[in-house]
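Heads up: the structure comes next, in structure tokens.
The sequence lines fix the lettering, A, B, ..., with proteins before strands; numbering per chain opens at 1. What you are looking at is a predicted structure, and each value in this text was computed from that prediction instead of being measured.
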There are 2 protein chains.
Amino acid sequence: MTTIKDVAKRAGVHPTVVSRVLNKDQTLKIKDSTRERILETVKELNYFPNRSAQNLKRNETKMLGMVIPDFANPVYSEIIHGAEDQAAKEGYNLMVYSMKQKGTEHNKFSHLIEGRTDGLLIAISESEDQEIVELQESKKPFLLINRMIPGINHYVVLDDEFAGKLATDHLIQLGHRKIAHITGPFDTGTGKTRFNGYKQAMHSNELEILNDYVQESSYSIESGYSAMKKLLALKEPPTAVFAGSILAALGAMRAAYEAGRTIPNDFSLVSIHDVPFADALQPPLTTIKMPLYEMGQEAVKNLVQLIKKDTQSTHLTINGAELIKRNSTAELLSEK
Amino acid sequence: MTTIKDVAKRAGVHPTVVSRVLNKDQTLKIKDSTRERILETVKELNYFPNRSAQNLKRNETKMLGMVIPDFANPVYSEIIHGAEDQAAKEGYNLMVYSMKQKGTEHNKFSHLIEGRTDGLLIAISESEDQEIVELQESKKPFLLINRMIPGINHYVVLDDEFAGKLATDHLIQLGHRKIAHITGPFDTGTGKTRFNGYKQAMHSNELEILNDYVQESSYSIESGYSAMKKLLALKEPPTAVFAGSILAALGAMRAAYEAGRTIPNDFSLVSIHDVPFADALQPPLTTIKMPLYEMGQEAVKNLVQLIKKDTQSTHLTINGAELIKRNSTAELLSEK
DNA sequence: TTGTACGCGTTATCAA
DNA sequence: TTGATAACGCGTACAA
């Protein structure tokens, strides 16, 4: 292993000088000739500073940790992507962790807080509030992504209410009146807030919300499937469905397929989250594209600020949800 | 920040003893009473060893890096999942990196090799052979996942040939004769090998392979889409299609939808990779489930061995591909 | 403009 | 069974 001493010896200078050159210390002056000689030697010996030593000395790792529930959920891909890009811009590295990981630790975040990261992005949407609150005791800076927990005042969320309204309004504008909503879990902020958007759109158009038309799901294919089955079994099934998540929408499409219903002839379907394969579905799915990439970026941006300046609070809502119209929604022609 | 000295002082012992207790050193004996006292103090002060210091001292990070092309590709989710689980079992952490990450570094892996990881899993399937070969100069142990490069003799691959045969045989058994294959890129091992499986199945059933029936894709929805369009435009379109990847299959389904063809009535479709939403597609997609989770596990297992014992070579093929029969494939009833 | 001395927090080795 | 010392590789006051 090549160390800073090797470089120094080869270049005929003291290790300190090498360190200064590599860290681009502006306050000290270094003769151009020695700087060049040192940089050449660095290349020649293929020297990289030992990160562990740097970390120890500087008491920082330039590494951010991100915790997600599951890599298989396509929603997180884009958040990660945005977070990665922004982290690179800010000179940080990103380490992504899935909660599916087995392992018996003190608590679920111990891997990440033991001097391995400078800060954490928590994007888990399951109800592990207790552990998150405990995380506060560790004094490690962290920020919630797409969720809110009482007592924790650093978070970045989407404008889910607007998204819910957008989806519902779209269906209303197509002439639908019997509009159902497959919600997210009511114990999550996103589930509740998207539902609020739905309610607002319905109310401001003086449409009644039937209890039977509101079916809770758990952001999974299976729960979307059974929710849709219940809707299809109603005496008066809805002519349009707003799915609170892409996974629920996939489940709903499957239920429709099995029941022999076709979309959008038998009912229209719009879903939150414009995944890459949305237009490869049959029919191509109308979606609400959420600014997930931007949320990832903003999360990192604000976390880095939190690390550096000890920001008091971060209450950020990312706007920019937009409707992507595809074939799964259509005008309601005849009364059913 | 709580250090080992704080704990030692509080427990009235020397830091060395604390270190021994925490590292469960078996060779040295420690009085039960002091051990208990130390462990209590550790809990009391909520002490965690500083990883940077440990890393520096031990000259290892207990961290593995994994490089994938893109988080959005559902195929990698399961590999990551298996790798994460195995890493946890072996006492390692996993850091996943996407090549989509922007950032101007010496080379693409520099983040990961600068004393930050003990070893690397390279799962990128793009043609960045040059950089990978250069990686060898860094002396950092690494292992290829699902690809082979001449001159690099540590890799874990799937039995893609078997998978190709399995898919094609399934179609043949359903009575199909006009079987097309949307291949992966021919400059990738998986693309070539799956194609070989297809060829073998066709030949051993004395079926001819038409040039027009072999369409190259680049493992993307778009390329699958245009490949399928070409197949549909043929004078004698195939009655069955074997897609070399799930993304290609999605594109193919979209092309069929747009052309007004229905699956499996107009043609059967089978694809490599059993993604979680395969049975939520319309129709539910018959797939070849590849042992991706196991591949992730084995990759980590072998990389750790490579780190520890300097294994000479790792040429591992993971078996266990299986057909998941769903509605997208059906018996060929009448001659077309 | 360059060199010296020290310490970051931990653990391996040796001594007691 | 426990304590003392040194060292991992680096960066930073301070001195020259």
Side-chain angles (χ1 to χ4, degrees), chain A residues 1-39 41-42 45-63 91 110 113-118 138-140, chain B residues 1-39 41-42 45-63 91 113-118 139-140:
Chain A
M1 181 188 200
T2 321
T3 75
I4 202 169
K5 283 183 194 168
D6 301 326
V7 178
K9 200 173 288 177
R10 195 85 130 79
V13 292
H14 196 271
T16 307
V17 189
V18 179
S19 173
R20 281 206 279 268
V21 168
L22 291 176
N23 291 299
K24 302 188 177 83
D25 191 332
Q26 304 295 351
T27 62
L28 283 308
K29 302 271 174 193
I30 289 155
K31 215 196 295 176
D32 279 357
S33 62
T34 48
R35 157 175 285 117
E36 280 171 31
R37 191 153 33 90
I38 288 171
L39 289 176
T41 317
V42 164
L45 298 183
N46 198 29
Y47 165 75
F48 288 107
N50 181 311
R51 296 302 288 256
S52 299
Q54 284 185 326
N55 293 345
L56 176 60
K57 185 66 196 175
R58 295 174 168 158
N59 198 28
E60 64 172 5
T61 63
K62 285 286 174 189
M63 178 100 102
S110 59
I113 60 184
E114 291 170 29
R116 191 153 262 179
T117 57
D118 296 341
S138 78
K139 297 291 171 201
K140 174 76 63 183
Chain B
M1 182 189 200
T2 319
T3 74
I4 202 170
K5 284 182 193 168
D6 301 327
V7 176
K9 200 174 289 178
R10 194 86 130 79
V13 291
H14 196 271
T16 310
V17 189
V18 178
S19 173
R20 281 207 279 268
V21 169
L22 291 176
N23 291 299
K24 302 191 177 81
D25 192 332
Q26 304 296 348
T27 62
L28 283 307
K29 302 271 174 195
I30 289 155
K31 215 198 292 175
D32 279 356
S33 62
T34 49
R35 157 174 285 114
E36 280 171 32
R37 190 151 35 88
I38 289 170
L39 290 175
T41 317
V42 164
L45 299 183
N46 198 30
Y47 165 76
F48 289 106
N50 180 312
R51 295 302 287 256
S52 298
Q54 283 185 327
N55 293 346
L56 176 60
K57 186 67 194 171
R58 295 175 169 156
N59 198 26
E60 63 172 9
T61 64
K62 286 288 175 185
M63 178 100 101
I113 60 183
E114 290 170 27
R116 191 152 261 180
T117 57
D118 295 341
K139 297 291 171 201
K140 174 77 61 182

request  = Would you please confirm or rule out a distance under 4.0 Å between OP1 or OP2 of dG9(D) and any side-chain N or O of Y47(A)?
outcome  = no
ask   = Among the nucleotides dT11(C), dG3(D), dC10(D), which one has an atom lying closest to any side-chain atom of R20(B)?
value = dG3(D)
task = Ignoring backbone atoms, test whether N23(A) places a side-chain nitrogen or oxygen under 4.0 Å from the OP1 or OP2 oxygen of dG11(D).
result = yes
key: dG9(C) phosphate, OP1 or OP2, under 4.0 Å from Q54(B) side-chain N/O   = no
ask   = Counting side-chain heavy atoms from CB outward, which of dT1(D), dT11(C), dA5(C) is closest to K31(B)?
value = dT1(D)
query = Between the base of dA4(D) and the side chain of T16(B), is there a donor-acceptor distance below 3.5 Å?
reply = yes
query = Which nucleotide, dT11(C), dG3(D), dG11(D), lies nearest any side-chain atom of K57(B)?
reply = dT11(C)
message = Does a side-chain N or O of N55(A) approach OP1 or OP2 of dC8(C) to a distance below 4.0 Å, or not?
response = no
ask   = Checking side chain to side chain contact (heavy atoms under 4.5 Å, CB included) against L39(B), which of V21(B), T34(B), V7(B) comes through?
value = V21(B)
remark   = Looking only at dC8(D), dG3(D), dT2(C), the nucleotide nearest the I30(A) side chain is dT2(C)
inquiry  = If you compare every side-chain N and O of T34(A) against the phosphate oxygens of dT2(C) (OP1, OP2), does one of them come in below 4.0 Å?
reply    = yes
key: Side-chain heavy atoms of N55(B) within contact of M63(B), under 4.5 Å   = no
